[in-house]
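Reckoned from all heavy atoms, side chains included, excluding hydrogens, waters and symmetry mates. One-based numbering, in listed order, for ligands and for the atoms of each.
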Amino acid sequence: MDKLLIRGGCRLEGEVLISGSKNAALPLMAASLLTGDALRLGNVPDLRDIQTMVHLLRGLGVVMEQPTPGTWRMSAEGPITAVAPYEIVKQMRASILVLGPLLARFGEARVSLPGGCAIGSRPVDQHIKGLEAMGAEVVVEGGYVHARMAGRLQGARVLFDMATVGGTENIMMAATLADGETLIENAAREPEIVDLAVLLRSMGAEIDGAGSDTIRIRGVEQLHGALHQVVPDRIETGSYLIAAAMTQGDVTCRATRPDLLEAVLLKLEEAGCQVDRGTDWIRLQMDERPKAVSFRTQPYPAFPTDMQAQFMALDAVAEGTGTITETIFENRFMHVQELNRLGARIAVDGHTAIVRGTGHLDGAPVIATDLRASMSLVLAGLVARGQTLIDRIYHIDRGYERIEAKLQRLGADVRRVAK
Ligand code: EPU
C-alpha cells in the first residue's frame, strides 16, 4: 500500500493549477443517466472517486469514454440496469446520487444503502423522504434502497430537515423529469449544486433558485445532451493556500474561483496572511507564524466542514489558541489523535476541539483516516521537523489530484513510497 513520505521544513513558493471539483463532478456524471444523448464533461479531475463513479456508471450500462485526459463523454442510450451494488457503494457514498436520476428516467432503482463511514453515520433518509413526496414507493430491503414509480414522478414540495448537499442534488435531478413543479425548501446552497443546475439547464431542464435555499424545478418531457466544464475545486484551493500559510510561503492558485471561498479567505486573512485575488486566481503570501483562528463549520456560504481538518493543522502550529466546532458531521475529529502524535496540543470536548498552537511539530509515522483528515496530516508533515510517513494515502487519492507532483512543484520534499 502506498505511503507518503514528507521531510518538513520547505517553504512553498510558486504556482499550482487547481483541478476540477470532485464533489461537483460526481453528481454531474450521475446526471448522464437522465438522457439517452451524450453528455460531455471537461475539467474532470483524475481521482479515485471519479474512477469509482466511472465503474458504477459502466456497470449500469452507461457508455463511458475518455477522449482526452480530463474529458469524459458518457451516454446512457442503451439498456440500463438500475442496480448500484454494495461492492461499489461501500467504496463511495456518493454512489447514492444515481438513485434520483435512475428512478426519474426508468421508474425503478435499487441502490445499496451506504453504511456509516469514518466521519459519521450519514443517513440518506432525506433523499428517501424527498422521493416519497414525489410519489415513489421506497422500501429498504436486503441492505438496498428500492425505489419504484409507476409512470412519471410527480412534482412536489420537498422540505428538508437539514441542508443536505447530496439530498438536494438527488431531488433536483429527479424533479427535472417529473410531472409538474417541485419546490425544494431548506435546500443546500453549495457551489456544486449551482454547477449541477447549470448543467441540467443546458440539458433542457427548467430550474430557478439554485444557490439559494429554495429551488424551483419544472419537469420537462425529456432532457438532451450537453457540454459542460466542471467548476474548480474550492477545497483543493483552500488546502494549498493553507500549505502556503503554514510554510510561510508565497503560492498562487490558478484556474480557481475566489468567489467560492469567501469564508476560507477571510479566515486566512484573520490568521495574518496576505491574500490577493483576481477572477480566476488567488495568491497567498505569509511571512510570519500564523495566528490561531476559531470557527464553526456550517453549510455554505459559511465555513465548510471539508476545510476543518486543514485549518486544525494550521492552528496546531499557530500563535495562540483556536476553538473549532464541527456541526455537520458527528465524528469528524479522527485527525486529532494523529496530529497529536506529531506534537500538536489538541483537546476534544464533544463537537469542539481546542487547539493550543505550538512552535514546532515533530515528524512521525501517522495514519490517514479519511480524505480531509489525510490532508491535515500532509500539511502538518510539511512543517514538522524531520520525516513524516503517512499510511493509507488512498484516502488522499480519492480527492487530491497528483498531490505529490503539485507539492513538489511548489518546493515541498514529498514522495510516494510503495511499501
Ligand atoms: N444527512 C442526514 N440525512 C440525509 C442526508 C444528510 O441526516 O438524508 C446529514 C448528514 O449525516 C450530515 C449532514 O446531513 O450530518 C450533511 O450531509 P450532506 O448530505 O450535506 O453531505 P453529503 O452530500 O453526503 C457532501 C460532500 C462532502 C461534504 C458534505 C457537506 C460530496 C460527494 N460529498 O456530502 O464531502 O463534507 O457534502 O458539505 O459532495 C469530502 O469531500 O471530503 C466530503 C466528505
Side-chain angles (χ1 to χ4, degrees), residues 19-31 45 47-50 52-53 56 89 91-100 111 113-133 138 140 145 158-173 184 186-196 213 230-231 233-239 260 263-264 296-310 326-332 334-335 351 368-376 394-401:
S19 301
S21 158
K22 163 182 85 80
N23 289 348
L26 294 170
L28 296 173
M29 294 169 81
L47 297 169
R48 231 170 56 107
D49 274 10
I50 298 295
T52 305
M53 186 55 97
L56 171 62
V89 179
Q91 291 172 40
M92 187 184 68
R93 304 177 47 84
S95 307
I96 193 75
L97 292 169
V98 301
L99 181 64
V111 178
L113 198 59
C117 74
I119 61 176
S121 61
R122 301 180 77 180
V124 291
D125 57 305
Q126 300 298 308
H127 303 231
I128 293 175
K129 186 176 100 165
L131 294 173
E132 282 176 339
V138 186
V140 175
V145 180
V158 176
L159 172 59
F160 284 126
D161 294 344
M162 77 281 296
T164 153
V165 174
T168 303
E169 291 165 346
N170 239 335
I171 300 306
M172 198 162 84
M173 288 190 277
I184 307 179
N186 197 21
R189 294 182 280 168
E190 269 65 5
E192 294 74 30
I193 286 163
V194 176
D195 206 32
L196 177 60
D213 61 4
V230 179
V231 73
D233 196 318
R234 62 196 168 101
I235 307 300
E236 188 196 25
T237 305
S239 302
L260 308 181
V264 167
R296 294 166 69 80
T297 62
Q298 297 278 337
Y300 191 85
F303 192 94
T305 174
D306 290 344
M307 288 300 304
Q308 179 254 107
Q310 301 90 317
E326 172 60 53
T327 76
I328 308 292
F329 293 109
E330 72 261 32
N331 190 26
R332 211 172 194 182
M334 302 280 280
H335 40 284
H351 293 299
T369 49
D370 72 71
L371 170 55
R372 309 303 169 187
S374 323
M375 191 61 192
S376 75
Y394 54 84
H395 287 295
I396 298 192
D397 295 331
R398 294 187 59 174
Y400 288 93
E401 191 175 32

What atoms of ligand 1 come within less than 4.0 Å of a heavy atom belonging to Ala94?
-> 32 (C)

Heavy-atom contact under 4.0 Å between Gln308 and ligand 1?
-> no

Which atoms form the tightest heavy-atom contact between Leu26 and Ala94, and what is the distance?
-> CD1-CB, 3.8 Å

Numbered in order shown, the ligand 1 atoms found under 4.0 Å of a heavy atom of Lys22 are 40 (C), 41 (O)

for atom 30 (C) of ligand 1, nearest protein heavy atom and its distance come out as Thr305 CG2, 3.8 Å

Under a 4.5 Å cut-off applied to non-hydrogen side-chain atoms, are Thr305 and Glu326 in contact?
-> yes

protein heavy-atom neighbour closest to atom 3 (N) of ligand 1 works out as Asp125 OD1, 2.7 Å

So among Leu113, Val89, Ile128, Asn170, which one has a side chain to side chain contact (heavy atoms under 4.5 Å, CB included) with Ile96?
-> Asn170

Heteroatom proximity flag, Arg122 to ligand 1, N/O under 3.5 Å = yes

Test item, His127 contacting ligand 1 (heavy atom, 4.0 angstrom) = yes

Is any N or O atom of Ile328, backbone or side chain, closer than 3.5 Å to an N or O atom of ligand 1?
-> yes

Answer whether the closest heavy-atom distance between the side chains of Gln308 and Arg372 falls below 4.5 Å.
-> no

Below 4.0 angstrom, N of the basic side chain to O of the carboxylate: do Arg234 and Glu192 qualify?
-> yes

Thr52 (side chain) donor-acceptor with Met92 (main chain) under 3.5 angstrom = no

Just jot down the ligand 1 atoms closer than 4.0 angstrom to any heavy atom of Phe329, in number order.
-> 12 (C), 15 (O), 29 (C), 36 (O)

Below 3.5 angstrom, do we get any N/O pair linking Thr164 and ligand 1?
-> yes

Is the closest heavy atom of Glu192 to ligand 1 under 4.0 Å?
-> no

Any idea which part of Leu371 is under 4.0 Å from ligand 1, heavy-atom wise: side chain, backbone, both or neither?
-> side chain

Could you please spell out the steps behind the side chain to side chain donor-acceptor pair (under 3.5 Å) verdict for Tyr400 and Arg48?
-> CA-CA 9 Å; Tyr400 288 93; Arg48 231 170 56 107; over 6 Å; no

Can Lys129 be said to touch ligand 1, with heavy atoms closer than 4.0 Å?
-> no

How many angstroms lie between atom OG of Ser374 and atom NE2 of His395, to the nearest 0.5 angstrom?
-> 6.0 Å

List the closest protein heavy-atom neighbour of atom 43 (C) of ligand 1: residue, atom name, distance to the nearest 0.1 Å.
-> Asp306 OD1, 3.4 Å

Evaluate the side-chain proximity of Ile235 to Met307: yes if any heavy-atom separation is below 4.5 Å, no if none is.
-> yes

Does Arg189 reach the side chain of Pro301, with side-chain heavy atoms less than 4.5 Å apart?
-> yes

Considering the heavy atoms of Val124, write down every atom of ligand 1 situated less than 4.0 Å from one of them.
-> 4 (C), 8 (O)

Would you confirm whether Lys129, through its side chain, and Leu159, through its main-chain N or O, come within 3.5 Å as a donor-acceptor pair?
-> yes

Any side-chain heavy atom of Tyr300 within less than 4.5 Å of one from Ile193?
-> no

Heteroatom distance test (Met162, ligand 1): nitrogen or oxygen, under 3.5 angstrom | no

closest protein heavy atom to atom 32 (C) of ligand 1 is Asn23 OD1, 3.3 Å

Heavy atom of Pro123 under 4.0 Å from ligand 1?
-> yes

Report yes if the side chains of Asn23 and Val165 come closer than 4.5 Å at any heavy-atom pair, otherwise no.
-> no

Ligand 1 and Gly166, any nitrogen or oxygen pair closer than 3.5 angstrom?
-> yes

Identity and separation of the nearest protein heavy atom to atom 41 (O) of ligand 1 | Arg372 NH2, 2.8 Å

Hey, are Asp306 and Arg332 close enough for a salt bridge, meaning a charged N less than 4.0 Å from a carboxylate O?
-> yes

Quick look: Val165 vs ligand 1, heavy-atom contacts under 4.0 Å, and the answer is both

Note: ligand 1 atoms sitting under 4.0 Å from heavy atoms of Arg332 are 36 (O), 40 (C), 42 (O), 43 (C), 44 (C)

Atoms of ligand 1, numbered as shown, that sit under 4.0 Å from any heavy atom of Gln126 | 3 (N), 4 (C), 8 (O)

